[in-house]
Amino acid sequence: MPNLNKPIFLCGFMGCGKSTVGRLLAKKLGTEFTDMDEYIVNRQGMSIPQIFAEKGEDFFRSAETDAVRELSSRSGVIACGGGAMLKKANADIANESGIVIYIDIDFESCYERISEDKNRPIVVNNTKEELNIIYDGRVPVYKENSALSVDGNGTPEEIAERAMRLINIIK
């Protein structure tokens, strides 16, 4: 088991499995798990749709930067929001303080998981075609801003195991 005293940030498109895989990976590593979206919701005292509606997406993105900065000083596994690693400053903070792992999975798989989720303002406000365009634009940025990439196909346990093997290689 790796002895990591730095955070592991999981990034990728909405529905790629960051939270589910993150919980499993944290358990395997015997460390803490943090879902960044939940962290922001708790800090702001309102849901993500409420934050978007009342304060706007720019405010939410600023809250993500604050969260990355705050969580970068902890050890553990952090499931980032789908947009967190799109901002270069966030990616720099995460990569300097820990390891960023991109969960690489196709759009259709993500869409199948998120299409009915009313708690995702970007999903609610865009068509499938628009979401696919957003996905296509984000993938290269995820790849550029992550140190490692893990195949996101398979069960959450299989993906967590793949991530564990990658971490073991670099520890």
Side-chain angles (χ1 to χ4, degrees), residues 7-27 32-72 74 76-91 93-94 100-143 145-146 149-160 163:
I8 298 165
F9 293 89
L10 300 179
C11 76
F13 198 67
M14 299 171 283
C16 74
K18 297 177 298 284
S19 296
T20 303
V21 170
R23 282 184 183 86
L24 292 168
L25 183 58
K27 189 172 182 178
E32 201 176 312
F33 170 75
T34 304
D35 181 292
M36 190 179 293
D37 285 346
E38 289 176 11
Y39 182 85
I40 292 169
V41 164
N42 290 335
R43 296 290 300 246
Q44 297 302 320
M46 59 178 69
S47 71
I48 292 172
Q50 285 176 304
I51 295 169
F52 269 67
E54 294 177 25
K55 298 187 175 189
E57 184 174 356
D58 287 344
F59 178 87
F60 179 77
R61 297 300 171 199
S62 178
E64 276 184 326
T65 299
D66 293 342
V68 170
R69 191 174 295 115
E70 291 161 13
L71 295 170
S72 69
R74 302 180 180 185
V77 177
I78 299 150
C80 296
M85 290 301 125
L86 299 176
K87 187 173 180 181
K88 185 79 172 120
N90 295 353
I93 292 165
V100 179
I101 300 175
Y102 165 51
I103 300 178
D104 188 358
I105 190 166
D106 63 280
F107 172 75
E108 288 298 329
S109 296
C110 292
Y111 185 75
E112 189 176 300
R113 297 174 186 169
I114 64 172
S115 62
E116 301 297 320
D117 191 341
K118 303 299 182 219
N119 199 40
R120 298 177 189 266
I122 291 172
V123 173
V124 172
N125 295 320
N126 289 280
T127 65
K128 181 179 181 181
E129 293 73 23
E130 291 166 330
L131 288 169
N132 200 344
I133 291 167
I134 293 168
Y135 171 90
D136 289 344
R138 287 183 175 191
V139 167
V141 182
Y142 294 140
K143 289 179 178 179
N145 289 331
S146 57
S149 179
V150 65
D151 179 357
N153 293 296
T155 67
E157 292 80 9
E158 290 167 338
I159 301 163

I'd like to know if the side chain of [X] and the backbone of [Y] have a donor-acceptor N/O pair within less than 3.5 Å.
{"X": "S72", "Y": "R69", "result": "yes"}
{"X": "N132", "Y": "K128", "result": "no"}
{"X": "E54", "Y": "I51", "result": "no"}
{"X": "E112", "Y": "S109", "result": "no"}

Verdict with supporting geometry, S47 and Q50, side-chain hydrogen bond (donor to acceptor under 3.5 Å, both in side chains): CA-CA 5 Å; S47 71; Q50 285 176 304; 3.3 Å; yes
Just do the side-chain contact (heavy atoms from CB on, under 4.5 Å) check on M36 and K18 with the steps written out, would you? CA-CA 10 Å; M36 190 179 293; K18 297 177 298 284; over 6 Å; no
What's the shortest heavy-atom distance between [X] and [Y], and which atoms?
{"X": "L86", "Y": "Y142", "result": "CD2-CE2, 3.8 Å"}
{"X": "I114", "Y": "F13", "result": "CD1-CE2, 4.1 Å"}
{"X": "V68", "Y": "A94", "result": "CG1-N, 4.2 Å"}
{"X": "G137", "Y": "P140", "result": "O-CD, 3.6 Å"}
{"X": "C16", "Y": "C11", "result": "SG-O, 4.3 Å"}

Decide side-chain contact (heavy atoms from CB on, under 4.5 Å) for N90 and R61; before the verdict, give the C-alpha distance in whole Å, the side-chain angles of both, and the deciding distance to 0.1 Å. CA-CA 10 Å; N90 295 353; R61 297 300 171 199; over 6 Å; no
Do [X] and [Y] touch side chain to side chain, with heavy atoms closer than 4.5 Å?
{"X": "D151", "Y": "I159", "result": "no"}
{"X": "E157", "Y": "L24", "result": "yes"}
{"X": "Y111", "Y": "M14", "result": "no"}
{"X": "C110", "Y": "I105", "result": "yes"}
{"X": "Y102", "Y": "N145", "result": "no"}
{"X": "I48", "Y": "I40", "result": "no"}
{"X": "M85", "Y": "R138", "result": "no"}
{"X": "I8", "Y": "I78", "result": "no"}

T65 and K87: side chain donor to acceptor below 3.5 Å: yes
Would you sort out whether V77 and T34 count as a side-chain contact (heavy atoms from CB on, under 4.5 Å), showing the intermediate values? CA-CA 6 Å; V77 177; T34 304; over 6 Å; no
is_close_aromatic(F52, F60), centroid dist under 6.0 Å: yes
Just wondering, are more than 12 heavy atoms of other shown residues or ligands nearer than 6.0 Å to CG in D58? no
In Å and rounded to the nearest 0.5 Å, what is the CZ to OG distance from F9 to S146? 13.0 Å
Stepwise side-chain contact (heavy atoms from CB on, under 4.5 Å) test for R113 and E108: CA-CA 9 Å; R113 297 174 186 169; E108 288 298 329; over 6 Å; no
